[in-house]
Each structure stands twice: as C-alpha cells, then as structure tokens.
Amino acid sequence: LCALGSLPHLETLSVLVMHTHKFARSAENGIPQGFQSLRHLGIRGPPLTGDRAEMLPAISSLSLSTVELDMTAIDGQDAVDCLEVLTALPCASRSHSLRTVHLNLNELRDFRLVVGRPNVLLRDFALPPLLKIPSLEELHVHTPGRLLIVDDEDVEEMQRAWPNLTRLS
C-alpha cells in the first residue's frame, strides 16, 4: 500500500485488507503519508483495528469525499470498531471533504445488546464516532440481522452534527 500511496494521480482505491502489515515508519514523521489525490476509498475485510487501522492516518488526501467500509468480524474483533478510525482521516478532521460514508458491518459479534432485544445494535456504540464528521452529506449503514435504533434526541444530534445531510439509510 505504501507504493500505491506514492502514485500522484490515484483517485480511486478499492482494496481487500486481510493481513496486518505494519507500515514502515520514519523517525521524523511517524506513519508515511500518501494518496494525496485520493477521492474514493473502498476497504473490505476484517475490522480496521490495530495494525490495519494504521492505513487510514497514512491517507493524506484532503479531497477524499467517499469512504466505503465493508467489514466482517473475525477473531473476536467487532466490525463496529472500525468507525472510530474514520475520524483519523485528514479529510474528516482537517479539510472536511468527507461527504459520503457507506458502512456494511457484517457478522457483528461483540456488540452491546439492549436487554431483552438481542437483534438491536445500540446507537451509543455506532453513532458517536460518525457524529465527529461534520461534512457528512450521505450516510448509508447496513448491519445484516441488526437494527440501529435512533430516537428524537439522536436525530437532533445528527441535525447539529451534519447540517448538510441529504441521504440517510
């Protein structure tokens, strides 16, 4: 991935990330930066946690507008864990260019359950990291076999966090 990150005109990247490979670090700048022209990023595989999560801060593009994550829980890792790493992207935290997020969170395992309702994914677990992305215009969340419940208070939070939201599914 480091080699791909050096391509100056790469705008779209869709990858299957299965293994954890540490990024080579230099003493002065930590994780190598790259992907400066990236506009669309798609990642499939296990949750972006641990070493796999190091990929996202390495994306220096301030023009990244669309992220698609298709995460499947394995080895006790939860697909929802990948949501917090989205806020590490420079496009989310500095340039506010991240407009569209597609999340497909499969085989959720270690999620918090609402007592007596085993198929409900608590909004307190999934929503807060996404609220840190103020430029969001489209959010698409698919959690097969689970429901993401929001109430009036959550909708008001979303309204404040995402004033330009045009699509929510």
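FYI, the numbering just counts along the sequence from 1.
- Rounding to the nearest 0.5 Å gives a distance of 10.0 Å between NE2 of H102 and NE2 of H40.
- Here the CG atom belonging to D154 is positioned 13.0 Å from the CD atom belonging to Q159, to the nearest 0.5 angstrom.
- For S65 (side chain) and S97 (main-chain N/O), no donor-acceptor pair under 3.5 Å exists by modelled atom type.
- With W162 contributing its side chain and L130 its backbone, the two residues share a donor-acceptor pair below 3.5 Å.
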query = Between L69 and N104, does a side chain to side chain contact (heavy atoms under 4.5 Å, CB included) hold up when you go through it step by step?
reply = CA-CA 6 Å; L69 297 179; N104 190 18; over 6 Å; no
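- Of the inter-residue distances, the one linking T66 atom OG1 with L64 atom CG reads 7.5 Å to the nearest 0.5 angstrom.
- Closest approach of P163 and P134 over heavy atoms only: CD-O, 4.0 Å.
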task = For L62 and H96, run side chain to side chain contact (heavy atoms under 4.5 Å, CB included): C-alpha distance rounded to whole Å, both residues' side-chain angles, the deciding distance at 0.1 Å, then the answer.
result = CA-CA 8 Å; L62 296 177; H96 304 293; over 6 Å; no
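- The CD1 atom of I133 lies 8.5 Å from the CG atom of L139; values are rounded to the nearest 0.5 Å.
- Listed for the S61 side chain is no donor-acceptor partner under 3.5 Å among the backbone atoms of S37.
- Minimum heavy-atom separation, I59 to F35: CG1-CD1, 3.9 Å.
- Remark: M71 CE to R44 CZ distance equals 9.5 Å, nearest 0.5 Å.
- How far CD of Q36 is from CD of E11: 11.0 Å, rounded to the nearest 0.5 Å.
- Closest of all the heavy-atom pairs between M158 and L168 is SD-CD2, 4.2 Å.
- Every residue meeting the side chain to side chain donor-acceptor pair (under 3.5 Å) condition with H140, not counting sequence neighbours, appears here in chain and number order: E138, S169.
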task = Take V67 and T100, measure what side chain to side chain contact (heavy atoms under 4.5 Å, CB included) needs, and give me the verdict at the end.
result = CA-CA 6 Å; V67 173; T100 303; over 6 Å; no
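- Nearest heavy-atom pair, L136 versus V101, reported as atom, atom and distance to 0.1 Å: CD1-CG2, 3.5 Å.
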Candidate pair S14 and T12, rule side chain to side chain contact (heavy atoms under 4.5 Å, CB included), full reasoning = CA-CA 7 Å; S14 183; T12 301; 5.6 Å; no
